**Student:** 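Here it is, the structure in full.
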Amino acid sequence: MNSHRDTYTTIIVGTGFASSFFLKKYLARASEDVRILVLEKGTDIPYSWKIQNVQNTQYDFAKDLNNLTPQKQWVQNIAFGGGSCWTGNTPRMHPSDFKTRTLHGVGEDWPFDYDELEPYLTEAEEIMGISGAETAEYPRSRPYPAPPHRLNALDRLFQAKYGHQYMAMPSARSPEVSVGRPPCCNNGVCSVCPIGAKFQVDIYMRDIYQDSRVTLITGADVKAVIIENSVAKGVSYIREGKEHEAFADLVAVGAHAIATPYILLNSGLDDYALGRYLNEQISVDVRANLQGVENYDGGQRVTGLGSMFVNEPNRGQIPGCLVENYNIPWLRAEFGKWRHVGLLKFVLEDIPSPDNRVTVSADGRMQVEYAAHSDYMRRGIADIKRRAEALFEGLPVEDYVINSHDDKNLGGSAHIHGTTRMGNDPTTSVLDPQLIHHRVRNLMALGAGAFPTCPAANPTLILAALSLRSAHLLLN
Ligand SMILES: Cc1cc2nc3c(=O)[nH]c(=O)nc-3n(C[C@H](O)[C@H](O)[C@H](O)COP(=O)(O)OP(=O)(O)OC[C@H]3O[C@@H](n4cnc5c(N)ncnc54)[C@H](O)[C@@H]3O)c2cc1C
Ligand code: SF4
């Protein structure tokens, strides 16, 4: 066993969005004499290798996972920078998403509302240089840092029909150079952007890891937090086959929503909610043939976002739903009508179940069990036809096809939430609203594991804002 003899001020686990936004704010507010150890399981892969191999990781996450429900896939990108493979869509949560229990009697209320998170969402958007449009649906304190991308022809029809409930997809790909990155040229191969047009930690937050107060160790697989008498003392990890320990006054685990609860469970914590409520949104594809509409003239991979179905009066029974409009040209195989087609994704929220969970397997690995879709989700999938009919009514749509969705393939959106949920009640949640463990008060868990609900919006902007808020409150 190798132990670092000296104690750090803070140990941060992981270098993805959750950890990096926390670290950025922490460094901005901390004194010059703090010492921060960052432990990252993955390696720092040269970007040229990523482009050549169209891959963001050299690590097989699946081998570490005992997946008891193989019909459901779970994706985590193990590398310096975490989920750099992300597409970069950054919608905000709808204000109603923060209080579905109060408004509709389902799910949970978040422990704070939209207005509380808004300044941190704005700050996260500024750090990421987000492109987007103003709309009354999502009130903002400051404009987006970059202008919206051009809508495509189908978007324009939806926007004329739905007004402020239809907007350009906010995204971490800018149409212009003003945010310090090359403009997105809309070829749609975004998992490894060949020109770095997309915001990602491994390129655009590298500077925080070069701060003299930070020591970064890659290839460090953190296994547990060392906890004595409800105080976190440090972490244990494996590197190059050897066991190590490191010590600190504060431990913040940001290893994503499967590895983080695993590490906490491995540390002896036994909170009821720890590892439970594992969830993701489900999206259902709808392909529409258009009457004489020359589509695919938009400015990015996903051009439009509709919030018209997020907060319908029947939300107690039917999940709220966002509509994404794709601009990647899946052409129609009819001469003269190639572009007369559109592809939409109906993204459904869910009610997380405590039975879907992360545990530690008998051989000590991360283990995931996930039952079939919830009844709420099933009703949402069955209701897509009603929503598609409403969406297309009065528009030049010849016909459309809804992709089938069954229990043999539960899919995977790579938007994993819920396993370290936050709340005010220690008997039903793991973290307080500042992402600090209810009992171990110098232990934090960063990331979408903290989400008490499964909103339809993509998680990364929101979890980044939560990290900024936590670091701000910590050093206030
Ligand atoms: C193909 C794809 C497309 C996506 N598109 C979008 C999108 O358009 N919009 C959106 O909002 N989200 C998107 N996502 C999701 C997004 O990637 C995640 O929400 C985001 O990466 C989560 O941030 P995080 O910091 O919590 O976790 P991560 O970014 O996964 O970071 C976790 C870090 O912890 C490290 N780690 C893990 N285990 C250990 C351990 N035991 N010890 C030490 N370090 C460890 C990992 O290597 C990693 O660096 C997408 C994901 C994928 C896979
Ligand atoms: S569309 Fe092209 S330029 Fe834009 S982010 Fe994706 S890969 Fe990069």
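All ligand and atom numbering here is 1-based and tracks the order in the structure. Bear in mind that the values here come from a model prediction, so they are computed numbers and not experimental data. FYI, the numbering just counts along the sequence from 1.
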**Student:** If I take every N, O or S atom of C184, is at least one of them less than 2.8 Å from atom 4 (Fe) of ligand 2?
**Tutor:** yes
**Student:** Nearest non-hydrogen contact with atom 46 (C) of ligand 1 belongs to which option: R301, M169, E40?
**Tutor:** E40
**Student:** So if I count the atoms of ligand 2 from 1 in the order they appear, which ones are less than 4.0 Å from some heavy atom of R173?
**Tutor:** 5 (S)
**Student:** Which residue owns the protein heavy atom closest to atom 5 (N) of ligand 1, what's the atom, and how far is it?
**Tutor:** T87 N, 2.9 Å
**Student:** Determine whether the side chain, the backbone, both or neither of I263 has a heavy atom under 4.0 Å from any heavy atom of ligand 1.
**Tutor:** side chain
**Student:** Could you tell me, atom by atom, which parts of ligand 1 come under 4.0 Å of a heavy atom of A220?
**Tutor:** 42 (N), 43 (C)
**Student:** What I want to find out is whether E118 reaches R92 closely enough, with some N-O distance under 4.0 Å, to be called a salt bridge.
**Tutor:** yes
**Student:** Which residue from G14, A172, A18, A457 reaches closest to atom 26 (O) of ligand 1 through any of its heavy atoms?
**Tutor:** A18
**Student:** I need the atoms of ligand 1 closer than 4.0 Å to a non-hydrogen atom of G16, numbered in the order shown.
**Tutor:** 25 (O), 29 (O), 31 (O), 33 (C), 49 (O)
**Student:** Should you measure from each heavy atom of P194, which atoms of ligand 2 turn up under 4.0 Å away?
**Tutor:** 7 (S)
**Student:** Any ion pair linking D297 and R156 (charged N to carboxylate O, less than 4.0 Å)?
**Tutor:** yes
**Student:** Mind checking whether P182 contacts ligand 2 via backbone (N, CA, C, O), side chain (CB onward), both or neither, at a 4.0 Å heavy-atom cut-off?
**Tutor:** neither
**Student:** Would you compute the distance between atom CE of M93 and atom CG of L117 and round it to the nearest 0.5 angstrom?
**Tutor:** 8.0 Å
**Student:** Starting from atom 42 (N) of ligand 1, what is the nearest protein heavy atom, named by residue and atom, and what distance separates them?
**Tutor:** V222 N, 3.0 Å
**Student:** Give a yes or no answer on whether the side chain of T9 reaches the backbone of R35 with a donor-acceptor pair at less than 3.5 Å.
**Tutor:** yes
**Student:** Could you tell me which atoms of ligand 1, counted from 1 in the order shown, lie closer than 4.0 angstrom to a heavy atom of A79?
**Tutor:** 47 (O), 48 (C), 49 (O)
**Student:** Which of the numbered atoms in ligand 2 are under 4.0 angstrom from any heavy atom belonging to C193?
**Tutor:** 3 (S), 5 (S), 7 (S), 8 (Fe)
**Student:** If hydrogens are left out, which of A464, S84, G254, A448 has an atom nearest to atom 33 (C) of ligand 1, that is, the closest non-hydrogen atom?
**Tutor:** G254
